Amino acid sequence: MKNLFVSLLPVALLATGAVHAADFPAKDKPITFVVPFTAGGPTDRVARDLAEAMRKPLGGVNIVVDNAGGAGGSIGANKVAKAPADGYTLLVHHIGMATMPTLVRNLPFKVDSDFEYLGMINDVPMTVLGRSTLEANNFKDLSAWVNQNKSKVNLGNAGIGSASHLCGLMLQKAMKVEMTAVPYKGTAPAMADLLGGQIDLLCDQTTNTTSQIEAKKVKAYAVTTPKRLSTPALKDLPTAGEAGLKDFEVTIWHGLYAPKGTPPDVQKKLNDALRTALKDPEFIKKQEGLGAVIVADKRVEPGEHKKFVAGEIAKWSPIIKAAGVYAD
Ligand code: ASP
């Protein structure tokens, strides 16, 4: 009897898995998007807009956002890596998936083998900002001011491994100055402190900075893309290259991930819903109004998403190693 039970067990488990996938998502069970940063910041923004756009193609299921900020985005990513692989706990993360493996020495998960890649969402430029009370009105004057004040300059970021940290590293390298990094659990609180004048500089995605630039509540010095942006509030911003900074180009991207082992049918349903969301005019309008570009190329395919992230790891690893900054 015992033997019969043991031999039937895998069949029973398989059957449960199959039924589960066919029923996914259950109407009464919400899907959670884990955002590895605080609420109100750029990663949170894309996750909430995406949640709204994916709700309908997933049959009206509730999608909630869980802000699990800290340690540059690795706490939230680890939470999803260890979550049940049933499609109900997903991760919305950015370029940190490509920088963390080099920047964080004891990363408690593996970016390439602990996740299923569900497709990419958007590409977002960054902007270099200063508090509104800074005298410098252009990059040249900012450089002079930074060079005078060096380590007295407070540069906010969302922790080692975050996009703002990476951008800040590049800024310091380009300006040949070491500033004082001030870490937060996301760039929403960093922005609040920039507005309040508690920090001097912040590099952040346009999805968090456009409205502040438009309202002239911060000084904007440059955009980190090779070309100027077309978004009305950002079109007058020089590129870092125009501002005289060499090799200062970084575009942030966001992707959707599930824990490793999520059933293939569930992954397919999530990828289908993501593709539908990426064509949703409301979603596109909201994101593009903030300078983001919705992914409309092959990176919406999980395999291409994974390939792209591997390419980004290879691209950023030597730059980070040369900067010599690590976290444990
Ligand atoms: N933009 C942030 C970063 O620097 C994170 C956030 O979304 O709050 O990585």
Side-chain angles (χ1 to χ4, degrees), residues 33-51 65-80 90-104 107 111 120-129 154-172 179 181-195 199 201-213 218 220 223-225 234 248 250-257 286-287 290-293 309 312 316 319-320 323 325 327:
F33 280 0
V34 174
V35 168
F37 299 104
T38 44
T43 315
D44 182 68
R45 164 100 267 163
V46 64
R48 287 177 198 270
D49 288 353
L50 184 69
V65 172
D66 170 14
N67 295 94
S74 59
I75 291 176
N78 191 40
K79 192 169 179 178
V80 177
L90 307 176
L91 174 69
V92 175
H93 211 323
H94 63 17
I95 194 169
M97 290 296 271
T99 56
M100 281 186 298
T102 315
L103 275 167
V104 185
L107 206 59
V111 161
M120 289 187 54
I121 308 163
N122 65 6
D123 292 297
V124 196
M126 295 200 101
T127 44
V128 180
L129 305 181
N154 289 320
L155 171 65
N157 69 36
I160 292 185
S162 65
S164 45
H165 173 252
L166 178 68
C167 187
L169 277 186
M170 294 171 75
L171 182 67
Q172 293 176 86
M179 306 178 207
V182 184
Y184 295 83
K185 287 186 177 178
T187 42
M191 177 62 85
D193 274 5
L194 187 73
L195 294 173
I199 55 169
L201 301 178
L202 175 67
C203 208
D204 202 14
Q205 285 111 294
T206 57
T207 33
N208 194 31
T209 66
T210 303
S211 56
Q212 309 298 357
I213 295 172
V218 290
V223 64
T224 62
T225 38
L234 305 170
F248 192 128
V250 54
T251 296
I252 306 310
W253 39 266
H254 295 88
L256 188 65
Y257 307 81
K286 275 193 237 167
Q287 286 282 306
L290 298 173
V293 179
V309 175
E312 287 280 288
W316 290 108
I319 296 169
I320 294 163
V325 183

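When a ligand or atom number is given, it counts from 1 through the structure's own listing order. Here, residue 1 is the first one in the sequence, and each next residue gets the next number. Please read all numbers here as calculations on a predicted model, not as lab measurements.
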In the structure I gave you, are the side-chain heavy atoms of Lys185 and Ile75 within less than 4.5 Å of one another anywhere? no
Between ligand 1 and the protein, which N/O pairs are shorter than 3.5 Å?
residue: ligand 1; atom: 1 (N); partner: Thr187; partner atom: OG1; Å: 2.9
residue: ligand 1; atom: 1 (N); partner: Asp204; partner atom: OD1; Å: 2.9
residue: ligand 1; atom: 1 (N); partner: Gln205; partner atom: OE1; Å: 2.6
residue: ligand 1; atom: 4 (O); partner: Ser164; partner atom: N; Å: 2.8
residue: ligand 1; atom: 4 (O); partner: Ser164; partner atom: OG; Å: 2.4
residue: ligand 1; atom: 7 (O); partner: Thr43; partner atom: N; Å: 2.9
residue: ligand 1; atom: 7 (O); partner: Thr43; partner atom: OG1; Å: 2.6
residue: ligand 1; atom: 8 (O); partner: Thr187; partner atom: N; Å: 2.8
residue: ligand 1; atom: 8 (O); partner: Thr187; partner atom: OG1; Å: 3.2
residue: ligand 1; atom: 9 (O); partner: His94; partner atom: NE2; Å: 2.6
residue: ligand 1; atom: 9 (O); partner: Ala163; partner atom: N; Å: 2.8

Should Leu256 and Val92 count as side-chain neighbours, where that means a heavy-atom distance under 4.5 Å? yes
Run the side-chain hydrogen bond (donor to acceptor under 3.5 Å, both in side chains) test against Arg45 and tell me which residues pass, sequence neighbours left out. Asp49
Is a side-chain donor or acceptor of His93 paired with a backbone partner of Gly73 at a separation under 3.5 angstrom? yes
Using only heavy-atom distances, determine whether the side chains of Thr187 and Ser164 contain a donor-acceptor pair under 3.5 Å. no
I want to check something: taking the side chain as every heavy atom from C-beta on, are Asn67 and Thr38 in contact at a cut-off of under 4.5 Å? no
